[in-house]
Structure formats: C-alpha cells, structure tokens
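Following: one structure in structure tokens, then a few remarks.
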Amino acid sequence: MSIADRYINYVNQEVKTEPDKGWNRMILGYQANKWRSRLLPRPGLSRGYQKLEAMMMSLVADSLSHEDSYVWGNIFAPCEIMECFGVRTLSIECLSCYFSGYHLEDYFIDCAQNSGIAPTLCSYHKTFVGAVESGALSGPRYAVTTSLSCDGNLNTFRYLEKKIGVPFTFLDVPYRDDPESVSYLADQLREMTGTLEKVFGRPFDEEKLRRIIKVENETRRALFEFYELEKKHFYPGEIISQLYLMMGTHLLMGTEEFRDLVRFLVEDIKTYPEFTGKRILWVHLLPFYQETLREYFNENPKYQVIASDIVLDFADELDETDPFRALALKIIRNIYNGSYAIKADALGLVAQEMDADAVIHFCHWGCKQASGGSILLKEKMKELGIPMLILDGDGIDKRNSHDGQIKTRLEAFLEILETESRHRQEETC
C-alpha cells in the first residue's frame, strides 16, 4: 500500500471518529495533492491536462484553507460576480467529488439519509449534506445557487442555511429569453451584488465585471479552437480531465489564469499526433471512478472523449457593455435550462460540429432530467445517424453502479462501432 493510500485510510477513519481533526487532515491532503500535481504530474497525460489538474487541485486546496476566500454554489452560479469581490466559487457537486477521494462518499451519504434526507435525492447533494451532518464540514460566509438545473438545489441550500447558518442567494431562472425574463434575472444579479457588498465588506466594481466578461469571451473562443484541433489530434486525457474542464468553465470562467491555460491547450495540442480512433461526445455527469470507463477512455488512442456537454453548455459571445444582461442571457440560454428537446437539438449540432462518431449519455441515479430526457436525445441522434449508448449508474456513489453491467454494455456498443467502421471501409474499397 502506497503512502498516499495509507494517508487516505487514516483520514477516512479520523473523519468518522474526530470530524474536526479529520477535516483539517483532509485539507492537508488536498494541499499535498496540489504540490504533487505540480511537481510530479501524471506521466501519461498530455501537458495541458497535467496543468489543468494542478490548477483545479490548487483551486480547491487553497480555497478550503481560507474560509473567507470562497462561497458555496452550484455549478451554474455566476462565478464572474463573485470574482469581482476576489472570492472563489466552490460548487457543492465538485466538492462532493473531492470528498470521494477519501472514500467518504458512502459514509456521508449514510449520514444524510440517517438524518432524514430522502434516499431519492441526488447523491452529490447527499454527500455534501452528509459531510455537514457528520460534523466534518463547516461553512463559509455565503452561498449562491440557481434553479438551474437540479430541482434539489433550493432544498439543499435551505438545509445548509438552517443547519449551520450559511445564508444564500437563490437565483430564479426563467425558461424563456424574452426581454422581460432577461430583465427579471438581471435584476436578481444586481441585487445579489448589493448583498455580497455587505457580506464581504467590499464595494462592487462594474468595470471589473466588464473586464472579466471580456476575458471570458477570449477564453471561450480559445476553447472552441482547442475542440476544433481535438478532432484531428490525439490528446491524452482521462475521464476526470473532462470534470476538471467543467470546473474551469464554471468556477474559474473569466479569470486570466484559466484563459491562459486554455490558450496553452490550443498550442500544446498542435504538437501531438494525428487521432485515428473514435471520437466520443459525453453527455451529463462523469463517473470518474468507474474502472471500465477508465480502462477504455483514459489515455486510449482508440477512443477519445472529445467533449462533454456540461463543458459546452453555453456557446455565445457575451456583451461586455451590459454585463448583468449578458450574464442573465448566459444562464437562461444554458442548454440545461428549459425543455430537454432544446438540449437534444443543441447536442445534435454539437455532435455534428465535433464530428462525433458516437454519443454516450450517462444517466446519473436520482437525476430525473437525465433519465427522462435520454430517450429524446437518442431519437435525435438516430435522426442524425450517430450511434448513442445510454448508461445507467451513479456519478459518485459506487454502490449504485455495477461495473460488470457497464462493462458488458459498453464493450458491446464499441464492438458495434468497430463493425460498422469496417463495413464502411469495405464498401469504400
């Protein structure tokens, strides 16, 4: 057993017996992993994904080490506004993934359910609630969440406010992007800046928000350039690399450090060899722990996850001159907002633009939107002639995922892709 594994086991037990001390040991471990990712990056990963991992490790480790430096959020909370106050946004979904690094997700989920939380609640939320119930996790000064896209958001953040006194802003996101709806959300965003001024004792600078949005536009343009290059180049990554990209585009969007990282990806990928395998578009959450998925998609030149819908959930330029309206439009026009039919059409366009050979939709246990909409998406992909696989499992709770079942279905699907590819080659000859 490695030193890291021994430390993980030690912290796992400490959290269960002395949660306060255990929490401090968890943060110490995150700091150690931050330096490991910088000084000893994973050798099989591309240089850009090595840097991306180190950046996300630093985001979590450094933020958690200073409680006044972050707010809790969900992944659709407008991090750009928090950045105006020099404050990071840590989403409860991403933090739950980091807790699972200590194999604590099952313990925290059990703590949540034993306290009366419904078993049907999303396991990311249950993990986070359980961390609070266990006594391990204390709260920051503030939290921000949205009605997009999980119906558990409001109840979870209400619970956190009641349990440990973390006040929060709830952004009610309309489905339509007509002028009235956009103004309604923009007004909520303006009001939130006033609240944050009081909480952090710092004035809001609208000009700084304009500069952040300018950087965000630059980042998004570079990201699309990277994805265009990824259609042609093999760029070794892991399933979890897509999770780190999602963290960047939702928690660090508008920062110069993330923009510069994406620009590095653009230049770095040009130095890698041609990709001749199958391009996979991933839809919904990323079960980064699943052994079979790691076997087939981690650094594999035959199958490359070229993009995830949760990274490409918004594609438009933002108007820097009207920042609140721009952010309101960004949230409302997110593909996760509104009817799943809208998302299916958007993903159809993404699959075509990315030259995807196949789509894999992971239906996370407890997510009603994913389960209900996956059939609509499959029908759309059938119209476009793009094969699609629906996998059922749990993005974080290993007890709700069966690797043998996933392995059987995935291997059968990939075999179909290979067979169809051989037939096309034979017909061409």
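Heavy atoms only: backbone and side chains are in, while hydrogens, waters and symmetry mates are out. Residue indices begin at 1 and follow the sequence shown.
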[Y] backbone acceptor or donor facing [X] side chain under 3.5 Å:
{"X": "Gln31", "Y": "Ala61", "result": "yes"}
{"X": "His125", "Y": "Leu121", "result": "no"}
{"X": "His284", "Y": "His361", "result": "no"}
{"X": "Ser123", "Y": "Ile396", "result": "no"}
{"X": "Asp172", "Y": "Leu185", "result": "no"}
{"X": "Tyr289", "Y": "Arg294", "result": "no"}
{"X": "Arg36", "Y": "Ala54", "result": "no"}
{"X": "Ser69", "Y": "His66", "result": "yes"}
{"X": "Asn337", "Y": "Ile332", "result": "yes"}
{"X": "Asp319", "Y": "Ala326", "result": "no"}

task = Kindly determine whether Lys343 and Asp309 satisfy salt bridge (charged side-chain N to carboxylate O under 4.0 Å, His left out), including the steps that lead there.
result = CA-CA 9 Å; Lys343 178 178 176 179; Asp309 71 316; 3.3 Å; yes

Which pair of heavy atoms, one from [X] and one from [Y], lies closest together, and at what distance?
{"X": "Pro78", "Y": "Val144", "result": "CD-CG1, 4.2 Å"}
{"X": "Met56", "Y": "Gly248", "result": "CE-CA, 3.7 Å"}
{"X": "Pro323", "Y": "Leu209", "result": "CB-CD2, 3.5 Å"}
{"X": "Ala328", "Y": "Val182", "result": "CB-O, 3.7 Å"}
{"X": "Phe99", "Y": "Ala131", "result": "CE1-CB, 3.8 Å"}
{"X": "Phe204", "Y": "Cys84", "result": "CE1-SG, 3.8 Å"}

Looking at [atom1] of [X] and [atom2] of [Y], how far apart are the two atoms once the value is rounded to the nearest 0.5 Å?
{"X": "Phe275", "Y": "Ile269", "atom1": "CZ", "atom2": "CD1", "value": "10.5 Å"}
{"X": "Ile75", "Y": "Tyr124", "atom1": "CD1", "atom2": "OH", "value": "9.5 Å"}
{"X": "Asn12", "Y": "Tyr102", "atom1": "CG", "atom2": "OH", "value": "10.5 Å"}
{"X": "Ile239", "Y": "Asn300", "atom1": "CD1", "atom2": "CG", "value": "11.0 Å"}
{"X": "Lys378", "Y": "Ile375", "atom1": "NZ", "atom2": "CD1", "value": "6.5 Å"}
{"X": "Tyr175", "Y": "Ser339", "atom1": "OH", "atom2": "OG", "value": "9.0 Å"}

For the residue pair [Y] / [X], report whether a side-chain donor-acceptor contact shorter than 3.5 Å exists.
{"X": "Ser2", "Y": "Asp5", "result": "yes"}
{"X": "Glu83", "Y": "Thr255", "result": "no"}
{"X": "Asn153", "Y": "Thr146", "result": "no"}
{"X": "Thr292", "Y": "Asp403", "result": "yes"}
{"X": "Ser183", "Y": "Arg325", "result": "no"}

When the ring centroid of [X] is compared with that of [Y], is the distance short of 6.0 Å?
{"X": "Phe128", "Y": "Trp72", "answer": "yes"}
{"X": "Tyr142", "Y": "Phe85", "answer": "no"}
{"X": "Tyr235", "Y": "Phe226", "answer": "yes"}
{"X": "Phe168", "Y": "Tyr159", "answer": "no"}

Within 6.0 angstrom of [X] [atom1], more than 12 heavy atoms from elsewhere:
{"X": "Arg176", "atom1": "CZ", "answer": "no"}
{"X": "Lys231", "atom1": "NZ", "answer": "yes"}
{"X": "Lys232", "atom1": "NZ", "answer": "no"}
{"X": "Gln405", "atom1": "CD", "answer": "no"}
{"X": "Leu39", "atom1": "CG", "answer": "yes"}
{"X": "Glu191", "atom1": "CD", "answer": "no"}

task = For side-chain contact (heavy atoms from CB on, under 4.5 Å), just list the numbers for Leu90 and Leu59, CA-CA rounded to whole Å, side-chain angles, deciding distance to a tenth of an Å, and then say yes or no.
result = CA-CA 8 Å; Leu90 294 183; Leu59 168 65; 4.0 Å; yes

inquiry  = Run the salt bridge (charged side-chain N to carboxylate O under 4.0 Å, His left out) test against Arg158 and tell me which residues pass, sequence neighbours left out.
reply    =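 Arg158 satisfies salt bridge (charged side-chain N to carboxylate O under 4.0 Å, His left out) with no residue once adjacent residues are dropped.
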
SB check [X] [Y] (cutoff 4.0 Å):
{"X": "Glu257", "Y": "Lys51", "result": "no"}
{"X": "Lys330", "Y": "Glu216", "result": "yes"}
{"X": "Glu225", "Y": "Arg221", "result": "no"}
{"X": "Asp62", "Y": "Arg88", "result": "no"}
{"X": "Lys380", "Y": "Glu383", "result": "yes"}
{"X": "Asp106", "Y": "Lys398", "result": "no"}
{"X": "Arg259", "Y": "Glu218", "result": "yes"}

Side chains of [X] and [Y]: does their closest heavy-atom pair fall under 4.5 Å?
{"X": "Asn298", "Y": "Ile240", "answer": "no"}
{"X": "Met253", "Y": "Phe258", "answer": "yes"}
{"X": "Met55", "Y": "Met247", "answer": "no"}
{"X": "Leu223", "Y": "Tyr227", "answer": "yes"}
{"X": "Phe314", "Y": "Ile335", "answer": "no"}
{"X": "Cys122", "Y": "His364", "answer": "yes"}
{"X": "Thr127", "Y": "Cys97", "answer": "no"}
{"X": "Lys382", "Y": "Ile386", "answer": "no"}

request  = Give me the one residue out of Arg47, Gln50, Arg263 that meets side-chain hydrogen bond (donor to acceptor under 3.5 Å, both in side chains) with Asp268.
outcome  =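 Considering Arg47, Gln50, Arg263, a side-chain hydrogen bond (donor to acceptor under 3.5 Å, both in side chains) with Asp268 is found only for Arg47.
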
query = Just one of Tyr30, Tyr244, Trp35 clears the side-chain contact (heavy atoms from CB on, under 4.5 Å) bar with Met57, so which one?
reply =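 The residue from Tyr30, Tyr244, Trp35 that satisfies side-chain contact (heavy atoms from CB on, under 4.5 Å) with Met57 turns out to be Tyr244.
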
task = With Met388 as reference, evaluate Leu347, Val359, Val283 under the side-chain contact (heavy atoms from CB on, under 4.5 Å) test and give the passing residue.
result =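 With Met388 as partner, Leu347, Val359, Val283 yield a single side-chain contact (heavy atoms from CB on, under 4.5 Å), made by Val359.
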
